[in-house]
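The structure appears right after this line, and notes come after that.
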Amino acid sequence: MLLRSSIVFTPLPSPSLRLTKTHPQRLTLPIISAQLPTTSYSVSDNALESKGFTLHRNTDGLNLDHLNSVFVAVGFPRRDPDKIRIALEHTDSLIWVQYNKTQRPVAFARATGDGVFNAIIWDVVVDPVFQGVGLGKAVMERILEELMQKGITNIALYSEPRVLGFYRPLGFVADPDGIRGMVYSRKQNNKKRY
């Protein structure tokens with residue numbers, strides 16, 4: 001079980017605030033009940049560490065060439081490392097997992113958005129050698145939690161049809177309430193009109 005740093009306070013009504021008689025410059029606050037929300041992950045941070053993995057929430061130590069290798073291993077096109085760097089500079093949240101024996105990234109996910117209402121999760125990858133041990137779920141659970149802690153509840157992602165089953169247990173649905181996503185396509189725009 002992981003204790004979180006965010007605390008939910010339930011204040012008493014304001015008439016309970018008063019100045020003390022012995023120290024009129026001090027304000028006595030009512031007793032406040034604090035509830036520490038807990039998060040239960042399918043794979044805890046300790047379990048990841050015991051299996052030789054380290055979880056990271058920033059780009060410190062992230063080798064972009066090695067990350068690019070993971071992208072290619074899962075079928076993404078090879079990307080220009082300078083463009084990856086720029087994309088990461090414009091990323092609001094990211095999670096990556098390093099395999100300690102090789103010091104290389106083996107799982108990754110990132111999110112961009114407006115910081116308040118909407119976010120899109122991108123580049124969810126797990127090195128094929130390490131698939132099936134819970135790393136994909138580990139990065140997704142943590143990035144979703146981070147976004148929701150910011151109050152962001154409209155979270156989208158793009159997925160290939162063959163991996164939709166992975167995202168459903170995490171709460172993602174296709175076409176909720178009949179909403180259809182659309183993507184701008186230059187192919188469509190470049191067709192000649194007769």
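Small disclaimer: the values here were computed from a predicted structure and weren't measured.
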Would you name the heavy atoms of D92 and G113 that are closest together and state the gap between them?
-> OD2-N, 2.7 Å
Using a cut-off of 6.0 Å, state whether more than 12 heavy atoms not belonging to K150 lie near its atom NZ.
-> yes
Point-to-point distance, once rounded to the nearest 0.5 Å, from CD1 of I84 to CG of L64 | 5.5 Å
Heavy-atom closest contact (A107 atom, V139 atom, distance) | CB-CG1, 4.2 Å
Are the side chain of N58 and the backbone N or O of D60 linked by a donor-acceptor pair below 3.5 Å?
-> yes
Minimum-distance pair of heavy atoms, taken over all atoms of A87 and R110 | O-NH1, 3.6 Å
Please answer whether the main-chain N or O of S40 pairs with a side-chain N or O of S44 as donor and acceptor at a distance below 3.5 Å.
-> no
Side-chain (N68) to main-chain (R79) donor-acceptor, under 3.5 angstrom | yes
Do the side chains of V74 and Q131 get nearer than 4.5 Å, heavy atoms only?
-> yes
For residues W96 and L67, determine if any side-chain heavy atom of one lies less than 4.5 Å from a side-chain heavy atom of the other.
-> no
Please examine the side chains of F172 and I121, heavy atoms only from C-beta on, and report whether any two atoms are closer than 4.5 Å.
-> yes
Nearest atoms (heavy-atom pairs only) where M140 meets L157 | CE-CD2, 3.9 Å
Verify, without hydrogens or angle tests, whether N154 (side chain) and F117 (backbone) share a donor-acceptor contact under 3.5 angstrom.
-> no
With hydrophobic residues grouped by side-chain heavy-atom distances under 4.5 Å, do F76 and I120 end up in a single group?
-> no
Can you tell me how far CG of N118 sits from OG1 of T153, rounded to the nearest 0.5 angstrom?
-> 8.0 Å
I would like to know whether I155 and M148 meet side chain to side chain contact (heavy atoms under 4.5 Å, CB included); could you show each step before the answer?
-> CA-CA 9 Å; I155 302 168; M148 288 186 285; 4.2 Å; yes
Calculate, to the nearest 0.5 Å, the distance between atoms CG and CZ belonging to L62 and F108 respectively.
-> 6.5 Å
Taking atom CZ of R142 and atom CD of E145, what is their separation to the nearest 0.5 Å?
-> 8.5 Å
Main-chain N/O of N100 paired to Q103 side chain as donor or acceptor, under 3.5 Å = yes
Taking the side chain as C-beta and beyond, is there a heavy-atom pair between V173 and R168 under 4.5 Å?
-> no
Does the side chain of T91 come within less than 4.5 Å of W122's, by heavy atoms?
-> no
Does any N or O in the side chain of E146 come within less than 3.5 Å of the main-chain N or O of S93, such that one atom is a donor and the other an acceptor?
-> no
Which heavy atom of D82 sits nearest a heavy atom of R85, and at what distance?
-> OD1-NH1, 2.9 Å
Do Y99 and V129 come close enough that some side-chain heavy atom pair is under 4.5 Å?
-> no
Ignoring hydrogens and angles, tell me if any N or O in the side chain of H90 forms a donor-acceptor pair with the backbone of I86 under 3.5 Å.
-> yes
K51 versus V133, closest heavy-atom pair with distance = NZ-O, 4.1 Å
